[in-house]
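It should be emphasised that the depicted structure is a prediction, and the values quoted were computed from it without experimental measurement. When a residue number appears, it is its place in the shown sequence, counting from 1. Order of appearance sets the numbers: ligands from 1, and atoms from 1 within every ligand. Note: hydrogens, waters and symmetry copies are ignored here, and every other heavy atom, side chains too, is used.
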Amino acid sequence: MRYSKLLIPTLREDPSEAEIVSHRLMLRAGLIRKVSAGIYNFLPLGLRVLSRVEKIVREEMDHAGAQEVLLPALQPAELWQETGRWKQYGKELMRLKDRHDREFCLGPTHEEVITDLVRREVKSYRQLPLNLYQIQTKFRDEIRPRFGLMRGREFIMKDAYSFDAEPEGAKESYRKMYDAYHKIFNRLGLQFRAVEADTGLIGGTSSHEFMVLAQTGEEGIASCTKCDYAANVERAELKGEGQPAAGEVHPLEKVQTPGKKSVEEVAAFLQVTSQQLVKTLLFTADSRPVAILVRGDHQVNEIKVKRLLGVSELFLAEAKQVEAWTGGPSGFSGPVGLKNVEVVADLSVETMSEGIVGANERDAHYLHAVAGRDYQVGRFADVRNAVAGDLCPRCGAPMKIDRGIEVGHVFMLGTKYSETMKATFLDAKGEERFFVMGCYGIGVSRIMAAAIEQNHDEKGIVWPMPIAPFAVHIIPVQDQSERVMITAELIYSSLVRAGIEVFLEDRSERAGVKFNDADLLGAPYQLTIGEKNLKEGFVEIKHRRTGEKQKVEVDKVIDDLIALLLGPRPSPSA
Ligand code: ATP
Ligand code: MG
């Protein structure tokens, strides 16, 4: 490919709309352009990267025995009403009506459509196991589309669905996908980790997320410093250390805290640490009031609370409700004297001998509040996110927290969808049974962003070879020199013939501009052809990642690059 023929609208300046590096570099390198919030055009270079990701995903899915299909993006409401998700999915579902006023949605995921297909077409246990996948555009009306391709409203996903006769078989299908995902992310050249995850809106019994490790990741990963336990901070199970040793007890004491509402404000005002505070958050849980107590420096985990209470809806209570339930304004809520509200406290609150709590009164807090003495706790349970230093639920060693970007998710669904949609097959005895299902997603377009988050420097993108739009970027420095241009063309056509993805810088630009753009675009190798070196019979290869430069004899460079790039080729599976 020639630079002059491709639409690569690079930008010199950082676009102001981009908050994270991958978004910035994707815009600057001319890979994508925004159409509307969370909706993007893929330009030629961006599409090349995307195709490479898709190719690896396809090869490994096929190798694992999955079959590719293509399901519609436009889906009738009836299917979603069958599973109850027409309501449950809420505003994230993009809904529309056809000319007859029938309701449809643009698929955010395809459990309903695939279960409908399989219940019609698969009748016998002999046709199982079955795993069907597709690579397709998904639609989700995210509350906050952001970070470019990272959280789009229209994005590309690979989704696979497995159907088995027995739970044992379903576990095997799950394991195959789990293994295939490891191969995929290894082949993509990404540093990643599989972690235990929550099952969210899709539901089901067990699940793992695949996280690309990156500082800017939206997800927190708690991992053990000793054993191989790793989980999303939302999922990591935390154990309590029981009640505190009996120590000095102080009487409850009310203090004035004028205008101090947040943990930070109160702690600073009273000159204590946030660990000495107990914060009280009031929720509406399926329309009943619940107070959740966590230590001042901890975060309530709504997923754990929901699971604990067995409710499907949990909302932070509005100011008016808080006043009605506690008698005080929001910001000053606490458990002392609270009536008709269920109180759940985190296990770490149980280990505190006393705490500072809101007094349910404007501008006031209590010091030395003791659970059991000054207020009652309905139950102590694990209701918060893990933090660094929490103990591993498997081996008890301290855990650390890393940031990650979720690029894949595997779920054991069980019979959740087959039961609600009455999807059955006949087993060997001729009895009707529900399919046991699994579903498996990969954020194909998000991977492009995640790869850049992990692979860049101050000059631009540093593509991992497997997904680089080009392996070699040829830069003839003096484009007015015939000798330079003939050599560049010769090397270019030889490498193309050998099947290497080459990019020829054929614009008449200053050398500095060419070098900067080459660094920005991020091909793993740059081949510089300059008059001076050429006179001595050399060209120069630069390794984009290390910046290392190497002079190579011009007569040998073609063979060298072919050997380097086509040497041992990665096969679909190791
Ligand atoms: P998140 O928690 O990030 O919203 P999710 O749990 O909703 O993700 P899944 O339903 O498991 O995501 O979708 C499978 C994969 O699709 C995710 O692992 C992620 O890589 C990708 N994905 C999900 N939502 C988006 C989005 N809005 N934009 C781009 N990729 C997405
Ligand atoms: Mg989501």
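- Taking only non-hydrogen atoms, the option from Lys158, Glu218, Met448, Met157 nearest to atom 14 (C) of ligand 1 is Met157.
- Not a single heavy atom of Ser445 sits closer than 4.0 Å to an atom of ligand 1.
- Listed by number with element, the atoms of ligand 1 under 4.0 Å from a non-hydrogen atom of His409 are 6 (O), 11 (O).
- Listed by atom number, the atoms of ligand 1 under 4.0 Å from Leu149 heavy atoms are 29 (C).
- Between the Asp346 side chain and the Val383 main chain, a donor and an acceptor come within less than 3.5 Å of each other.
- Checked by atom type, the side-chain pair His63/Lys183 shows no donor-acceptor distance below 3.5 Å.
- Taking a cut-off of under 4.0 Å to the non-hydrogen atoms of Glu142, the atoms of ligand 1 that pass are 24 (N), 26 (C), 27 (N).
- Within the 3.5 Å criterion, the main-chain N or O of Glu313 finds a donor-acceptor partner in the side chain of Asp286.
- Between Glu406 and ligand 1, a contact under 3.5 Å exists for at least one N or O pair.
- Distance alone, capped at 3.5 Å, places no donor-acceptor pair between the Asn41 side chain and the Leu43 backbone.
- Heavy-atom neighbours of Arg379 CZ from other residues, nucleotides or ligands within 6.0 Å: above the threshold of 12.
- With rounding to the nearest 0.5 Å, the separation of CD in Glu453 from OG in Ser22 is 3.5 Å.
- Residue Arg446 approaches ligand 1 through these ligand atoms, each under 4.0 Å from one of its heavy atoms: 3 (O), 19 (C), 20 (O), 22 (N), 23 (C), 24 (N), 25 (C), 26 (C), 29 (C), 30 (N), 31 (C).
- Using the six-membered ring where Trp is involved, Phe503 and Tyr3 have ring planes that are tilted, between 30° and 60° apart.
- Listed by number with element, the atoms of ligand 1 under 4.0 angstrom from any heavy atom of Arg140 are 5 (P), 7 (O), 9 (P), 10 (O), 12 (O), 13 (O), 23 (C), 24 (N).
- Every atom of ligand 1 with a heavy atom of Gly152 under 4.0 Å away is listed here by number and element: 26 (C), 27 (N), 28 (N), 29 (C).
- Ligand 1 lies within reach of Val407, whose nearest heavy atom is under 4.0 Å from it.
- Gln67 and Asn131 are not linked by any side-chain donor-acceptor pair at a separation below 3.5 angstrom, with hydrogens and angles left out of the test.
- Near Arg151, meaning under 4.0 Å from any of its heavy atoms, are these atoms of ligand 1: 1 (P), 3 (O), 4 (O), 26 (C), 27 (N), 28 (N).
- Judged by distance alone, with hydrogens and angles left aside, the side-chain atoms of Arg140 form no donor-acceptor pair with the main-chain N or O of Arg153 at under 3.5 Å.
- Within the 4.0 Å heavy-atom shell around ligand 1 one finds Met150.
- Within the set Gly38, Gly148, Gly441, Gly443, the minimum heavy-atom distance to atom 21 (C) of ligand 1 is found for Gly443.
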